[in-house]
There are 2 protein chains.
Amino acid sequence: MPDASAIQQPDMRRRILDAAAFLLAENGYKATTLRGIADAAGLKAGSIYYHFPSKDHITVEILNEGVAQVSSAVKEAVTDASAEKSSAEILHAAIEAHLTALTEHSSYTRASIRCFSMVSEGIRKETVEVRRAFDAIWLDVLRVVQATGALPADADLKSLHLIILGTLNWTLECHGATEKEKRALVETLSSLVVGPNAAIL
Amino acid sequence: MPDASAIQQPDMRRRILDAAAFLLAENGYKATTLRGIADAAGLKAGSIYYHFPSKDHITVEILNEGVAQVSSAVKEAVTDASAEKSSAEILHAAIEAHLTALTEHSSYTRASIRCFSMVSEGIRKETVEVRRAFDAIWLDVLRVVQATGALPADADLKSLHLIILGTLNWTLECHGATEKEKRALVETLSSLVVGPNAAIL
DNA sequence: AATTCTGCCTAACATTTGTTAGGTCTCGTC
DNA sequence: GACGAGACCTAACAAATGTTAGGCAGAATT
């Protein structure tokens, strides 16, 4: 007897993805079970296979969507800021967009960051393109900032990239961080990268 | 019939920990099985229970030992450098010691960083003291550096702490990083934190 | 020499996992 | 009203998991 309250949600496929993304972000890949996903999405485990061919396919889709979300958030923030702002402000906007996309918007981004290293090689291969594109976006931002002189010509962009990525992504490991602390982190980080030099030039 | 080549390794308990640490660092908590640990250590899964009461006890011991190793590595580097060096050099030494402990010395440190967030609350509670002590060490380093004037008096030490921690720990997620890139990262990071200001003072 | 202890093994256990096969209900279409 | 397809459920499968109970050889102790 089908429950009357289960009035056939519009897009069950999306609900499954949402539930899986949340659990992946919270508990990791191996600890995320199809029965757990099914419970959270409001169906039974076997029914998932009507929408997806396997757990790995769900995982790949979430990992890619997560990176794509941060990607477009950063890209949009940069193009928005590029109009009439200084390169220091562009970088600030990019950093803020990245962190906001990470902590606010969705579990997809958190899942893609926290599960990537724990997932099988087969899954990782399916996500390499999206991740490479994301790296390219950030390196482009840094190159633009460098071209304006806000960064020294001999600055190691690869290291700066790693510092920014590492700092922002690492916030996911600190569950106790308040909103105020995150704002302070954005300010400190962006002024650390372009602050002193921007003041000189 | 016991194999003649298994001539009773001196400390099987340590071998189990080593094997478990490696697998935890490589595959995460859930994907690390007692049978996998047993295989790597050279015994059978059931025999592990002669040395440890449960998988969680093994995990706790490894997580704590990992943090303790980075802890003492940083602490030692700081006291070594404190003798006659500038505070900028002290910070540089601390950063380098942290990264070296992470990537070189042992799987324990990698395991403790990569598994902490994926582990049950019960396990996490057992590691809170050691981790708090480690935080205190780094904050002390930053306070000392700040006291010498190499950092501005109003610098947000908590943010700086997060930046340093995040950057260094994040390197574990980038398997493709060469030794040269890590050195460059240490230079860029430490000069970013104290470089410009230290040049002024 | 008899006994106990140490250190490990074998074999099973209950549970959980991803996955599959077949059934059932509801809806729109003919 | 028959029919077929869409969307879900039930019930099971084999494999893998943490864990336990009992056994067995050799060293240590008495």
Inset, instruction - Could you check if a side-chain atom of B:Ile95 sits within less than 4.5 angstrom of a side-chain atom of B:Val74, using non-hydrogen atoms only? - result: no
Inset, instruction - Validate the cation-pi geometry between A:Lys55 and A:Tyr49: distance from NZ or CZ to the six-membered ring centre under 6.0 Å, angle to the ring axis within 45°. - result: no
Inset, instruction - Write down the distance between CZ (A:Arg35) and P (D:dA12), rounded to a whole number of angstrom. - result: 13 Å
Inset, instruction - Specify the separation, in whole Å, of atom CG of B:Asp39 and atom P of D:dA16. - result: 12 Å
Inset, instruction - With sequence neighbours excluded, give me every salt bridge (Lys or Arg N to Asp or Glu O under 4.0 Å) pair touching residues 28-39 of chain B. - result: none
Inset, instruction - Round to the nearest Å and state the distance from A:Arg14 atom CZ to D:dA7 atom C1'. - result: 18 Å
Inset, instruction - Calculate the interatomic distance between B:Leu43 atom CG and C:dT10 atom C1'; express it in whole Å. - result: 14 Å
Inset, instruction - Scan for salt bridge (Lys or Arg N to Asp or Glu O under 4.0 Å) pairs involving residues 168-185 of chain B, sequence neighbours excluded, and state none if there are none. - result: A:Lys158-B:Glu181, B:Glu96-B:Arg183, B:Arg114-B:Glu173, B:Glu179-B:Arg183
Legend entry - Nearest-Å distance for atom pair CG/C1', residues A:Leu34 and D:dC13: 15 Å
Legend entry - Side chain to side chain, B:Val70 and B:Leu102, heavy atoms closer than 4.5 Å: yes
Inset, instruction - Using atom types as modelled and distance alone, determine if a side-chain donor or acceptor of B:Tyr29 lies under 3.5 Å from a backbone N or O of A:Ala31. - result: no
Inset, instruction - Measure from the side-chain N and O atoms of A:Glu89 to the backbone N and O of A:Ser86, and report whether any donor-acceptor pair falls under 3.5 Å. - result: yes
Inset, instruction - Note down the inter-axis angle between the two ends of the helix from C:dA1-D:dT30 to C:dC30-D:dG1, five pairs each, to the nearest 10°. - result: 20°
Inset, instruction - Indicate whether any N or O donor in one side chain lies under 3.5 Å from an N or O acceptor in the other, for A:His98 and A:Asn169. - result: yes
Legend entry - Close residues, residues 18-29 of chain A, relative to DNA chain C [heavy-atom separation under 4.0 Å]: none
Inset, instruction - For DNA chain D, determine which residues of residues 44-58 of chain B have any heavy atom closer than 4.0 angstrom to one of its atoms, and list them numerically. - result: B:Gly46, B:Tyr49, B:Ser54, B:Lys55
Inset, instruction - Determine which pairs satisfy salt bridge (Lys or Arg N to Asp or Glu O under 4.0 Å) with at least one residue from residues 124-141 of chain A, sequence neighbours left out, and list them in order. - result: A:Asp140-A:Arg143
Legend entry - Under 3.5 Å: donor-acceptor pair, side chain of A:Thr109, backbone of A:Ala101: yes
Inset, instruction - Could you check how far NZ of B:Lys30 sits from P of D:dA16, rounded to whole Å? - result: 16 Å
Legend entry - Pair A:Tyr108, A:Asp18: side-chain N/O donor-acceptor within cut-off below 3.5 Å: yes
